[in-house]
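Step one of this worksheet: look at the structure below.
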Amino acid sequence: MKATFGHVLMHIDVKNISFYKDLFTAMAWSLWCDQPNMLGVGDANGGSLWFGQAPHAVNNDYDGIGMNHLAISVSEQNDVDEMVAYLQAHNIPALFETPRHRPEFCGSPDETYYQVMFESPDRILFEVVYTGPVSK
């Protein structure tokens with residue numbers, strides 16, 4: 001069997017749906033579904049993320065059982081810096097002393113793992129990360 005990533009559905013408070021639409025539009029994801037109670041966005045490889053109304057009003061705890069964070073890979077180190085600028089312009093704080101390089105996640109001194117982490121209004125933890133050759 002050969003399988004690929006398909007999609008993830010995240011339950012949110014739909015009053016925050018514009019946060020996700022703006023964020024993924026800024027990262028050039030395609031809008032697949034744009035309704036008052038459901039947003040679907042797709043990446044260049046055909047994977048998708050879906051955001052819809054949570055059936056139960058409970059807070060997300062990314063340090064509890066379940067998904068800790070969702071990482072979005074970018075193709076250039078500068079793309080992480082562009083996301084940092086986007087976050088700053090939208091008053092979204094970067095978390096965990098990011099942006100920063102994480103040499104402990106690399107196999108070579110010529111490569112980097114450069115990340116920024118932040119959370120959504122629904123406390124979904126996101127990471128935008130570049131892995132590859134260090135930019136000069």
Side-chain angles (χ1 to χ4, degrees):
M1 174 191 310
K2 183 177 179 182
T4 61
F5 174 76
H7 70 270
V8 172
L9 169 62
M10 294 189 207
H11 289 143
I12 63 168
D13 183 333
V14 293
K15 73 179 182 191
N16 299 322
I17 208 162
S18 64
F19 172 90
Y20 302 98
K21 181 178 178 181
D22 293 347
L23 176 66
F24 285 92
T25 298
M27 291 189 284
W29 285 45
S30 300
L31 283 176
W32 287 14
C33 176
D34 186 7
Q35 298 176 0
N37 293 320
M38 181 64 71
L39 175 70
V41 294
D43 71 6
N45 296 317
S48 61
L49 299 174
W50 296 80
F51 301 91
Q53 181 64 51
H56 304 287
V58 295
N59 290 329
N60 186 48
D61 181 356
Y62 47 76
D63 285 332
I65 293 174
M67 183 179 75
N68 174 262
H69 69 277
L70 178 68
I72 306 296
S73 294
V74 294
S75 60
E76 296 183 28
Q77 184 175 318
N78 187 37
D79 294 334
V80 175
D81 296 325
E82 286 183 32
M83 178 53 60
V84 170
Y86 173 90
L87 297 172
Q88 290 171 340
H90 291 84
N91 297 314
I92 302 166
L95 302 176
F96 314 121
E97 300 174 4
T98 64
R100 67 177 169 158
H101 295 274
R102 301 294 301 265
E104 66 272 26
F105 295 159
C106 297
S108 163
D110 298 329
E111 293 191 352
T112 189
Y113 185 104
Y114 184 55
Q115 68 173 161
V116 63
M117 296 191 79
F118 58 96
E119 69 178 26
S120 75
D122 298 295
R123 297 206 68 237
I124 298 169
L125 188 59
F126 288 94
E127 173 185 31
V128 174
V129 60
Y130 164 76
T131 55
V134 177
S135 296
K136 304 288 181 190

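These numbers come from a predicted model, not from an experiment.
Criterion: ILVMFWY side-chain heavy atoms under 4.5 Å apart, direct or through other members. Under it, W50 and F5 are not part of a common hydrophobic cluster. Both V84 and Y130 are members of a single hydrophobic cluster when ILVMFWY side chains are connected at heavy-atom separations under 4.5 Å. Linking ILVMFWY residues whenever their side-chain heavy atoms come closer than 4.5 Å, directly or via other members, places V8 and I72 in the same cluster. A continuous path of hydrophobic side-chain contacts links Y20 to M27 [ILVMFWY only; heavy atoms under 4.5 Å]. When hydrophobic clusters are built by joining Ile, Leu, Val, Met, Phe, Trp and Tyr residues whose side-chain heavy atoms come closer than 4.5 Å, directly or via intermediates, F24 is not grouped with V14.
Applying the ring pair (Phe, Tyr, Trp, His ring centres under 6.0 Å) criterion to F19, with sequence neighbours excluded, gives no partner residue. Partners of E104 under the salt bridge (charged side-chain N to carboxylate O under 4.0 Å, His left out) rule, at least two apart in sequence or in another chain, are R102. Not a single ring pair (Phe, Tyr, Trp, His ring centres under 6.0 Å) links H11 to another residue, sequence neighbours left out. Not counting sequence neighbours, the partners of E119 by the salt bridge (charged side-chain N to carboxylate O under 4.0 Å, His left out) test are R123. With sequence neighbours excluded, no residue forms a ring pair (Phe, Tyr, Trp, His ring centres under 6.0 Å) with Y62. Every residue meeting the salt bridge (charged side-chain N to carboxylate O under 4.0 Å, His left out) condition with D13, not counting sequence neighbours, appears here in chain and number order: K15.
Of all heavy-atom pairs between S48 and W32, the closest is CB-CZ3, 3.4 Å. Across all their heavy atoms, I17 and P36 have their closest contact at CD1-O, 4.0 Å. Here the shortest heavy-atom pairing between N45 and D43 reads N-OD1, 3.0 Å.
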Decide side-chain contact (heavy atoms from CB on, under 4.5 Å) for V74 and V128; before the verdict, give the C-alpha distance in whole Å, the side-chain angles of both, and the deciding distance to 0.1 Å.
CA-CA 7 Å; V74 294; V128 174; 3.6 Å; yes
Determine, stepwise, if the pair L49 / L39 fulfils side-chain contact (heavy atoms from CB on, under 4.5 Å).
CA-CA 8 Å; L49 299 174; L39 175 70; over 6 Å; no
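With T112 contributing its side chain and H101 its backbone, the two residues share no donor-acceptor pair below 3.5 Å. Without hydrogens or angle criteria, T98 side chain to A94 main chain gives no donor-acceptor distance under 3.5 Å. Q115 places no side-chain N or O within 3.5 Å of a backbone atom of V129 that could act as its donor or acceptor partner.
Looking at D81 and V116, their side chains never come closer than 4.5 Å, going by heavy atoms from C-beta outward. F96 places a side-chain heavy atom less than 4.5 Å from the side chain of L125. Within the 4.5 Å cutoff, no side-chain heavy atoms of F105 are placed close to those of T131. Within the 4.5 Å cutoff, the side chain of L23 has heavy atoms near those of the M83 side chain.
When each of N60, N59, I12 is paired with D122, the side chain to side chain contact (heavy atoms under 4.5 Å, CB included) condition holds for I12 and for no other.
Rounded to the nearest 0.5 Å, atoms CG (D34) and NZ (K21) are 3.5 Å apart. Here CG of N68 is found 6.0 Å from CE of M117. Values are rounded to the nearest 0.5 Å. Between atom OH of residue Y114 and atom CZ of residue R100 there is a gap of 11.5 Å, rounded to the nearest 0.5 Å.
Ring orientation note: the planes of F126 and F118 are close to parallel, at an angle under 30° on the 30°/60° scale.
For E97, the CD atom is loosely surrounded, since the number of other residues' heavy atoms within 6.0 Å does not exceed 12.
For the 3.5 Å distance criterion, the side chains of Y86 and D22 fail to qualify, holding no donor opposite an acceptor.
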